[in-house]
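Structure, as structure tokens:
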Amino acid sequence: MATLPIVQYEEKIIETVENNSITVIIGETGSGKSTQLSQMLHRRGYSKIAVTQPRRVAAVSVSRRVAQELGVQLGEEVGYAIRFEDRTSRNTRIKYLTDGVLLRESLADPELNDYSVIILDEAHERSLNTDILMGLMKRLVKIRSSNLKVLITSATLDGDKVSKFFRDCPVLNIPGKLYPVEVLYSKERPVNYLDAALKTALDIHIRQPEGDILIFMTGQDDIEKLVMKMEEKVRALDEGSCMDAIIFPLHGSLPPELQVRVFSPPPPNCRRIIVATNIAETSLTVDGVVYVIDSGYVKQRQYNPSSRMYSLDVVQISKVQANQRAGRAGRTRPGKCYRLYPSQIYHDEFLDVTVPEIQRSSLAGSVLYLKSLDLPDIDILKFDFLDSPSPESLRDALKQLYLIDAIDENGSITSVGRKMAELPLEPSLSRTLMEANNHGCITEALTVAAMLSSETALLPGQSKTEKKRKRPISNLPDGSGLGDHIQLLQIFERWHQTDYDIGWCKDHGLQVRGMSFARDVRKQLSQIMQKIAKEPLGIRTNGKGEEIRRDYRNLRKALCVGYANQLAERKMHHNGYRTLGFQGQVVQE
DNA sequence: GAGCACTGC
């Protein structure tokens, strides 16, 4: 293995960490920070090191690598912990975990006394959880100044800003191992991005030397259209005029077996063209890419606290994102990035950095979490975030929590709020569980909460053309007019009665991934509820493969209590509804 | 007419 750039910096890193509570390490892709930092500190004798990752796959794969490099069994000295899976033991000294898991651990032990070093890796991605952890670390190093070291590591994070946030802590820069990428801009913005991408890709394919092409588009729809058009065009090329091309779509709702196709090597003398969402920006790394085509757009979910609604919008990417995309062309050798927009737009219109998730999300869950930590000076409105959410967004969160009894009129967490915080659910759903537990329907509520957590279970995974051939959802329970929640409940119960048969999901057009996830969530929720449950939590069936005839009134009431912040009542003599609460708005079905 | 980017407890 070639020496990683970071290795030469070991002495400097150790010295800095010894002399400071917090160190920021800027290391580009390929610097080796994710695998090497923990080992350096381990060699230096730090007793237990936690390394957070924003993604589960990263926690698993990086820990596997480190275990291998140290020649130990995974789960012994080196291990990982992600939701539903803990591969650590009493011997574990280096522990990779998702940032969400570390937040859960900190609920049980706010001082995280188990660890002598905490490394927040990939902090530049600014995930909601990483941002909260950064705020917590700032406090924690004061409390544990004698025995805790914190490292914030990142690729392109603005080092000065983070350093300032952590009271001018030192910043170390470690070079990466990316090859140069030549950036080419369009003269003007294309009217149609699909056609522009198509034309650019064909141009590269015909004129440029070998090397795979990666195209960034916004969503499944665009990707499928582009793949189809591209296939047509490639087929129409003269035989032997250039090498073959094989085209892959790549997005999150693609079944895993189709996703992994991009990881197998291409046939000889064949160029691969991968049309992807921003899943290929960070989550999946495709080897062999030499050309990147960047549409300059991304679909981004954002929360609007005044309407209390999320929207999914196509927005312009940030400069950081554009550069991350370009970098995908330079992983194995020098590459080229074709930006389908003029450089002036890049410079004048693109934001420098992506708006952090914490400024795009509902904060009800995070605020409840922070409240439950009982921090001494608890004014959430003044919590020290690297980038503060808007006051409006924080006030919205507090109001929502108040409406579902999680906090009282003084803003203090209630006893029910404390129990809610234990559950890995959005507050409305945990409140529903609490209510259901008092009204004899906790087992049903658990199922509904699990199904809602998975969101995607009911969605057909196949593409539009395929959908026409198969009937999407046949003879599944429909909730019989009682609404989506009851339908979700009945579907899960039916699946339970097949003994969780995967074939049954496929036959009924349900996403196996989503259904299995719901099953895991239900199990986890049951374990947490076990302590306070007033009834058995197992699923009720009559053993005949049919729904039990029963009354869903209590369950529906519990849902109304949980969603007290989002109720509307039917307008008499009119179509439509009026939202409850101050300033009701008319909404249509 | 027809939805749904990506993560995570």
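Computed from a predicted model, the values in this text were never measured in an experiment. Letters A, B, ... are given to chains in the order of the sequence lines, protein chains preceding strands, and every chain is numbered from 1. Keep in mind that the numbers below use all heavy atoms, side chains included, and drop hydrogens, waters and symmetry copies.
With salt bridges taken as basic N to acidic carboxylate O contacts below 4.0 Å, one links A:E125 and A:R55. Ionic pairing of A:R139 and A:D384 is not present here: no N-O contact between side-chain nitrogen and carboxylate oxygen is shorter than 4.0 angstrom. Between A:K229 and A:D195 a salt bridge is recorded (basic side-chain N to carboxylate O distance below 4.0 Å).
A:S306 meets the side-chain hydrogen bond (donor to acceptor under 3.5 Å, both in side chains) test with A:N304; sequence neighbours excluded. Residues passing the ring-ring contact (aromatic ring centres under 6.0 Å, His included) test with A:F385 are A:F383, sequence neighbours excluded.
Rounded to whole angstrom, the span from the NE2 atom of A:H251 across to the C1' atom of B:dC6 amounts to 13 Å. In this structure, the CG atom of A:D99 is 9 Å from the C1' atom of B:dC9, given to the nearest Å. The separation between A:R126 atom CZ and B:dG8 atom C1' is 17 Å, rounded to whole Å. Atoms CD1 (A:I82) and P (B:dT7) sit 13 Å apart, rounded to a whole Å. As rounded to whole Å, 15 Å separates atom P of B:dC4 from atom CG of A:N278. The interatomic distance linking A:F517 (CZ) with B:dC4 (C1') rounds to 16 Å, in whole Å. A:L452 has its CG atom 19 Å from the P atom of B:dC9, to the nearest Å. In this structure, A:R301 places its CZ atom 13 Å from P of B:dA5, rounding to the nearest Å.
Nearest-nucleotide mapping onto DNA chain B: of A:K299 and A:P54, the residue sitting toward the 5' end is A:K299.
Residue A:R56 has a polar side-chain atom (N or O) positioned under 4.0 Å from OP1 or OP2 of B:dC9. For B:dG8, the OP1/OP2 oxygens have no side-chain nitrogen or oxygen of A:S127 closer than 4.0 Å. Note on A:S453: every side-chain N or O is 4.0 Å or more away from OP1 and OP2 of B:dC9.
Nucleic acid contact class of A:V298 (heavy atoms, under 4.0 Å, all strands): none. Across all strands, A:R55 comes closer than 4.0 Å only to sugar-phosphate atoms, never to a base (heavy-atom distances). Using a 4.0 Å heavy-atom criterion, one finds that A:I279 contacts the sugar-phosphate atoms exclusively. Using a 4.0 Å heavy-atom distance criterion, A:L423 is classed as making no nucleic acid contact.
Checking B:dC9, B:dA5, B:dC6 against the side-chain heavy atoms of A:S283 singles out B:dC6 as nearest.
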